[in-house]
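Naming convention: chains lettered A, B, ... in sequence-line order (proteins, then strands); numbering from 1 in each chain.
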Protein chains: 2
Amino acid sequence: MMTIGRLATAAGVKVPTIRYYEQIGLLGAAERSAGNQRLYGRDAADRLAFIRHARELGFPLEAIRDLLSLSDRPDQPCDAADAIARAQLADVTRRLARLGALKVELERMIEQCSGGRIADCRVIEVIGDHALCETDHRKASGARAIV
Amino acid sequence: MMTIGRLATAAGVKVPTIRYYEQIGLLGAAERSAGNQRLYGRDAADRLAFIRHARELGFPLEAIRDLLSLSDRPDQPCDAADAIARAQLADVTRRLARLGALKVELERMIEQCSGGRIADCRVIEVIGDHALCETDHRKASGARAIV
DNA sequence: GCTAATGCCTACAGCAACTATAGCTACAAG
DNA sequence: CTTGTAGCTATAGTTGCTGTAGGCATTAGC
């Protein structure tokens, strides 16, 4: 049995993150020591590693919740897990395309800036006048979780 | 002079977003009609268009705040604006690399999943055991604004 | 055995950048 | 003159944590 700090170190997450995962029900309530401190065993460590890796792959917590409950039913067909992963891939692909376009436009902007005064600054100018930019990124303005 | 709704439509943002920008000081307080409704002129529309385009390029609001104050001083050298844009480009480039790696791993995972039962599901398995994945994405776990 | 330094506890506030809700007033069209 | 849309304020919610305050628990060194 390990304390929350050791578990955090082992899994590579921060202590409050573990408590947060418990709070939102991703991790079940831990056992407690006589002094009311959380104690974790192998199971919890595995589960946390799963969560951490899924987060690294960019899965949102809700998707991870689903993946975890799927992994608790090993006899079920894995279509659902597959679908979640495919949705995530689609999301990543969309973001990649978008970011690629942003990169091109930022590069173009910066390249054209000759380093004079603000009045002639291509950066400011392009941002101020959308007509000066070719890229059509007028969609998906909502902020999303990245990575 | 236009109402907030027309400005929102013209700029392609939502009405509450404009009020939010005013609240955080990105847009100054608008003139008001006799009935206390906000009224906007050409200036505000330009400024909002600038903000919107900068957001589309992924600049965080703090950077936009700086860019706006720079654009108010056209005689200054444009190094600062340039630096902000370069920082943004660097950020986008980093995110692109990361997302690219994620995409590869997700594809690998999905491809190997044969569609059987959860117990054999490659998706669940790879997420559960980091050793099964080659990609080293064990950094930058913090969520960031995307796009 | 004692004390100091960690480590853990709870509860709450804050981050970005909005978005949504509730309950009200203003204004334009018929 | 009514009705419907648009606007107003204030507040809470979103995602995934992170940071703070104030107070116990545990452990390492003496």
*Asks:* Looking at DNA chain D, which of residues 17-25 of chain A put a heavy atom within less than 4.0 Å of it?
*Replies:*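 Hits under 4.0 Å, by residue number: Thr17(A), Tyr20(A), Tyr21(A).
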*Asks:* Would you call Arg65(B)-Glu62(B) a salt bridge at under 4.0 Å N-O?
*Replies:*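 Yes, this pair counts.
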*Asks:* Distance check needed: dA17(C) P versus Phe59(B) CZ, whole Å only.
*Replies:*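 These atoms are roughly 13 Å apart.
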*Asks:* Return the CZ to CG distance between Phe59(A) and Leu106(B), rounded to the nearest 0.5 Å.
*Replies:*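 Phe59(A) atom CZ to Leu106(B) atom CG measures 5.0 Å (nearest 0.5 Å).
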*Asks:* Please determine, for the side chain of Arg32(A), which listed nucleotide (dT10(C), dG7(D), dG16(D)) has the closest atom?
*Replies:*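 Of the candidates, dT10(C) comes closest.
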*Asks:* What is the distance, to the nearest angstrom, from the CG atom on Leu27(B) to the C1' atom on dA17(C)?
*Replies:*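 My rounded result for the distance is 14 Å.
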*Asks:* Over all heavy atoms of both residues, which pair between Phe50(B) and Ile124(A) is shortest? Give the atoms and the distance, please.
*Replies:*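 Taking every non-hydrogen atom into account, CE1-O, 3.6 Å.
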*Asks:* So with a 6.0 Å cut-off around CG of Asp72(B), is the heavy-atom count from everything else above 12?
*Replies:*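 Counting neighbours around CG of Asp72(B), more than 12 heavy atoms of other residues, nucleotides or ligands fall under 6.0 Å, so yes.
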*Asks:* Enumerate the protein-to-nucleotides 23-25 of chain D contacts in which both atoms are nitrogen or oxygen and the separation is below 3.5 Å.
*Replies:*
| residue | atom | partner | partner atom | Å |
| --- | --- | --- | --- | --- |
| dA25(D) | O4' | Gln37(A) | NE2 | 3.3 |

*Asks:* Check the distance between dG16(D)'s P and Leu26(A)'s CG and give it to me in whole angstrom.
*Replies:*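 Rounded to whole Å, this separation is 9 Å.
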*Asks:* Donor-acceptor pairs under 3.5 angstrom involving side-chain atoms of residues 2-14 of chain B: please list them, not counting sequence neighbours.
*Replies:*
| residue | atom | partner | partner atom | Å |
| --- | --- | --- | --- | --- |
| Thr9(B) | OG1 | Gly5(B) | O | 3.0 |

*Asks:* Which heavy atom of Val123(B) sits nearest a heavy atom of Cys113(B), and at what distance?
*Replies:*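 What the structure gives for the nearest pair is CG2-CB, 4.2 Å.
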*Asks:* For dG7(D) and Thr3(B) - does any side-chain N or O of the residue sit under 4.0 Å from the phosphate oxygens OP1/OP2?
*Replies:*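 Thr3(B) to dG7(D) OP1/OP2: side-chain N or O found under 4.0 Å.
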*Asks:* State plainly whether the residues Arg47(A) and Asp43(A) are in salt-bridge range, i.e. N to O under 4.0 Å.
*Replies:*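 Here Arg47(A) does not pair with Asp43(A) in a salt bridge, since their nearest N and O are not under 4.0 Å apart.
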*Asks:* Would you tabulate the pairs of protein nitrogen or oxygen atoms and nucleotide nitrogen or oxygen atoms of nucleotides 28-30 of chain C closer than 3.5 angstrom?
*Replies:*
none

*Asks:* Figure out the CE/C1' separation between Met1(A) and dC8(C), and round it to whole Å.
*Replies:*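 So the CE-C1' distance, Met1(A) to dC8(C), works out to 16 Å.
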*Asks:* Hey, does Arg86(A) have a side-chain heavy atom less than 4.5 Å from the side chain of Ile110(B)?
*Replies:*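 Yes; the side chains approach each other to less than 4.5 Å.
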*Asks:* Let's see if you can work this out: which of dC8(D), dC18(C), dT18(D) has an atom nearest to the side-chain heavy atoms of Lys14(A)?
*Replies:*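 Closest nucleotide among those given: dT18(D).
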*Asks:* Nearest-Å distance, CD1 (Ile64(B)) to P (dA16(C))?
*Replies:*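 Ile64(B) atom CD1 is separated from dA16(C) atom P by 13 Å.
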*Asks:* Quick one: CZ on Arg73(B) to CG on Leu68(B), what's the gap to the nearest 0.5 Å?
*Replies:*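 Here the interatomic distance stands at 11.0 Å.
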*Asks:* Specify the closest pair of heavy atoms between Ile64(A) and Arg55(A), including all atoms of both residues, with the distance to one decimal.
*Replies:*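 Where Ile64(A) meets Arg55(A) most closely, the heavy atoms are CD1-CD, 3.5 Å.
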*Asks:* Which atoms of nucleotides 22-24 of chain C (N or O only) lie under 3.5 Å from a protein N or O atom, and what are those distances?
*Replies:*
none

*Asks:* In terms of hydrophobic clusters joined by side-chain contacts under 4.5 Å, are Leu39(A) and Leu26(A) together?
*Replies:*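 No: no chain of side-chain contacts under 4.5 Å links Leu39(A) to Leu26(A).
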*Asks:* Looking at every heavy atom in both Met109(A) and Ala85(B), which two are closest together, and how far apart are they?
*Replies:*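 Looking at all heavy atoms of both residues, the shortest contact is CE-CB, 4.2 Å.
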*Asks:* Partners of Gln112(B) by side-chain hydrogen bond (donor to acceptor under 3.5 Å, both in side chains), sequence neighbours excluded?
*Replies:*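 Gln112(B): side-chain hydrogen bond (donor to acceptor under 3.5 Å, both in side chains) contacts with Arg122(B).
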*Asks:* I need the CZ-P distance between Arg52(A) and dG16(D), as an integer number of Å.
*Replies:*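 Computing the Arg52(A):CZ to dG16(D):P distance gives 16 Å.
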*Asks:* Taking the nucleotide of DNA chain D with the closest heavy atom to each, which residue, Val15(B) or Arg6(A), is nearer the 5' end?
*Replies:*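 It is Val15(B) whose nearest nucleotide is closer to the 5' end.
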*Asks:* Considering residues, nucleotides and ligands other than Arg42(B), do more than 12 of their heavy atoms fall under 6.0 Å from its CZ?
*Replies:*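 No, not enclosed.
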*Asks:* In this structure, how many angstroms lie between the P atom of dA26(C) and the CZ atom of Arg38(B), rounded?
*Replies:*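 Whole-Å distance recorded here is 15 Å.
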*Asks:* Nearest-Å distance, CG (Leu7(B)) to P (dC8(D))?
*Replies:*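 Rounding to the nearest Å, CG of Leu7(B) and P of dC8(D) are 11 Å apart.
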*Asks:* Would one find a side-chain N or O of Arg65(A) under 4.0 angstrom from OP1 or OP2 of dT15(D)?
*Replies:*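 So the side-chain polar atoms of Arg65(A) never come under 4.0 Å of the phosphate oxygens OP1 or OP2 of dT15(D).
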